[in-house]
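This report refers to the structure that appears directly beneath it.
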Amino acid sequence: MANVPRSFLQVAAKEEEAAPPLRLVQIEGLVILKIIKHCKEFSPALVTGQLLGLDVGSVLEVTNCFPFPVREEDEEIEAEGANYQLEMMRCLREVNVDNNTVGWYQSTLFGSFQTVELIETFMNYQENIKRCVCIIYDPSRSNQGVLALKALKLSDSFMELYRSNNFTGEKLREKNLSWVDIFEEIPIKVSNSALISAFMTELEPDTPVTQCDYERLQLSTNPYLERNVEFLIECMDDLSMEQQKFQFYYRNLSRQQAQQQAWLQKRRADNMARKAAGEEPLPEEDPSNPAFKPIPEPSRLDSFLITNQIANYCNQINGVAGQSFSRLYLMKALQEN
């Protein structure tokens, strides 16, 4: 039997379906330096930029990036930003640099990045790019001597549910989706060419101690912990407000069910009287009755995001506090000696 020729689109669609899941984000060192420089220059303001690279099997290679201009709430300025992005991509293509979009990067303040806006940006990218990531960089966390860089993507189950825009409790239980299933963190691997690695070796100072090592020994972590606790308290207040919405919903639902039962009992009594009089019984459901109008259930997306953010703040406080205790015990031992 002769092989039926297939079109390019058919082959591409089949390869896309058979693509392995994303396991690793490989970033060149120069890209990380560009991201750090851009985010620190405008800190504490939040900035974003474009990631460029290649999607190779289960690895997403990030080989270049460029910053976005600071946006303002103006349609003309937003149009200029889009034109700027297209012009940058055209210029990179002309100089034979990777210009395939693989995601974007953005800065954050004390890890407060889990928002509805981030999810909407992911969904917008997913319309044109099958697999994309967002690189999150936190300058405030990096001041503690840690490279606060992480790669995130939305889970497939969450994207499917988000497209249906149905975040009711019944649907979440059906999909077995909880607040920890919104984002997936992808491991990051820093890659450098042999030439850059050799050059960096030549630039290494004679002393093995670097500025980053001194930053790790800073004993003053109170400002960072205080801000994290402040943000944590704000998130707890927001979560309490979300819980009040659900309490109000269930209270109204219980009241409506009581009204429906009272109306049904009255209708059944009327039907028994009509039946005794030889008349046709009335229907036991009346769509025009306000008691039978369904009450919309509030979306649980906001509460999921707030819970995710609370967990993030708790992890940061736990990590910084543990490191602070280790440094304090180290200084105490040094002073005793």
Inset, instruction - Any chance you could lay out the side chain to side chain contact (heavy atoms under 4.5 Å, CB included) test for Gln26 and Ser191, step after step, and finish with the verdict? - result: CA-CA 6 Å; Gln26 182 174 300; Ser191 173; 3.6 Å; yes
Legend entry - Ile27/Val190 under side chain to side chain contact (heavy atoms under 4.5 Å, CB included): CA gap, chis, key distance, verdict: CA-CA 5 Å; Ile27 310 179; Val190 181; 5.6 Å; no
Inset, instruction - Could you walk me through whether Leu154 and Met123 pass the side chain to side chain contact (heavy atoms under 4.5 Å, CB included) test, one step at a time? - result: CA-CA 9 Å; Leu154 292 179; Met123 299 306 295; 3.9 Å; yes
Inset, instruction - Could you give me the CA-CA distance, side-chain angles and deciding distance for Asn124 and Thr121, then say whether side chain to side chain donor-acceptor pair (under 3.5 Å) is met? - result: CA-CA 5 Å; Asn124 292 333; Thr121 307; 5.4 Å; no
Inset, instruction - Would you please test Gln316 and Asp138 for side chain to side chain contact (heavy atoms under 4.5 Å, CB included) and show each step? - result: CA-CA 12 Å; Gln316 289 183 162; Asp138 190 348; 4.1 Å; yes
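Taking the six-membered ring where tryptophan is involved, the planes of Phe167 and Phe158 are tilted, since the angle between them lies from 30° to 60°. Ring geometry for His38 against Tyr105 counts as perpendicular: the plane angle is over 60°, on a 0 to 90° scale with 30° as the lower cut.
In this structure, CD1 in Ile306 is found 9.5 Å from CG in Leu301, a value given to the nearest 0.5 Å. Atom CD in Gln126 sits 8.0 Å away from atom CD1 in Ile129 (nearest 0.5 Å). Here the CH2 atom belonging to Trp263 is positioned 13.0 Å from the CD atom belonging to Gln256, to the nearest 0.5 angstrom. For the atom pair Leu172 CG and Ser299 OG, the distance stands at 8.0 Å (nearest 0.5 Å). Rounding to the nearest 0.5 Å gives a distance of 13.0 Å between CE of Met236 and CD of Gln309. Atoms CG and CG, from Asn64 and Leu54 in turn, are 11.0 Å apart once rounded to the nearest 0.5 Å.
Taking the side chain as every heavy atom from C-beta outward, Tyr249 and Pro296 never approach each other to under 4.5 Å. Side-chain contact between Phe66 and Lys34 is absent, with no heavy atoms from C-beta onward closer than 4.5 Å. Residues Asn252 and Arg255 form a side-chain contact, since some pair of their non-hydrogen atoms from C-beta on lies under 4.5 Å apart. No side-chain heavy atom of Leu46 sits under 4.5 Å from any side-chain heavy atom of Gln106. Residues Asp270 and Lys266 form a side-chain contact, since some pair of their non-hydrogen atoms from C-beta on lies under 4.5 Å apart. Looking at Asn312 and Phe113, their side chains come closer than 4.5 Å, going by heavy atoms from C-beta outward. A 4.5 Å side-chain heavy-atom check between Asp181 and Asn176 finds every atom pair outside the cut-off. Annotation: side chain of Cys65 is in contact with side chain of Ile35 (closest heavy-atom distance under 4.5 Å).
Taking every heavy atom of both residues into account, Gln50 and Leu52 meet most closely at CG-CD2, 3.9 Å. The two atoms that bring Ser107 and Cys39 nearest to each other are CB-SG, 3.6 Å, heavy atoms only.
Ile295 and Phe248 end up in different hydrophobic clusters when Ile, Leu, Val, Met, Phe, Trp and Tyr side chains are linked at under 4.5 Å. Neither Val133 nor Phe122 shares a network with the other; the hydrophobic side chains, linked directly or stepwise wherever heavy atoms of I, L, V, M, F, W or Y lie under 4.5 Å apart, form separate groups for each. No single ILVMFWY cluster, assembled from side-chain heavy atoms under 4.5 Å apart, contains both Phe304 and Met241.
Checking side-chain atoms of Ser58 against main-chain N and O of Arg23 turns up no donor-acceptor pair under 3.5 Å. In this structure, Asn192 contributes its side chain and Gly29 its backbone to a donor-acceptor pair below 3.5 Å. When atom types are taken as modelled, the side chain of Ser140 and the backbone of Phe110 share a donor-acceptor pair closer than 3.5 angstrom. Listed for the Ser254 side chain is no donor-acceptor partner under 3.5 Å among the backbone atoms of Arg251. Checked by atom type and distance alone, the side chain of Thr307 pairs as donor or acceptor with a backbone atom of Ser303 at under 3.5 Å. Although no hydrogens or angles enter the test, the distance criterion places no donor-acceptor pair under 3.5 Å between the side chain of Glu120 and the main chain of Thr115.
For the pair Arg90 and Glu87, the salt-bridge criterion is met [side-chain N within less than 4.0 Å of a carboxylate O].
With respect to Ile135, the side-chain contact (heavy atoms from CB on, under 4.5 Å) criterion is satisfied by exactly one of Leu152, Leu51, Val31: Leu51.
In the displayed structure, Phe246 atom CZ is contacted under 6.0 Å by more than 12 heavy atoms of other residues, nucleotides or ligands.
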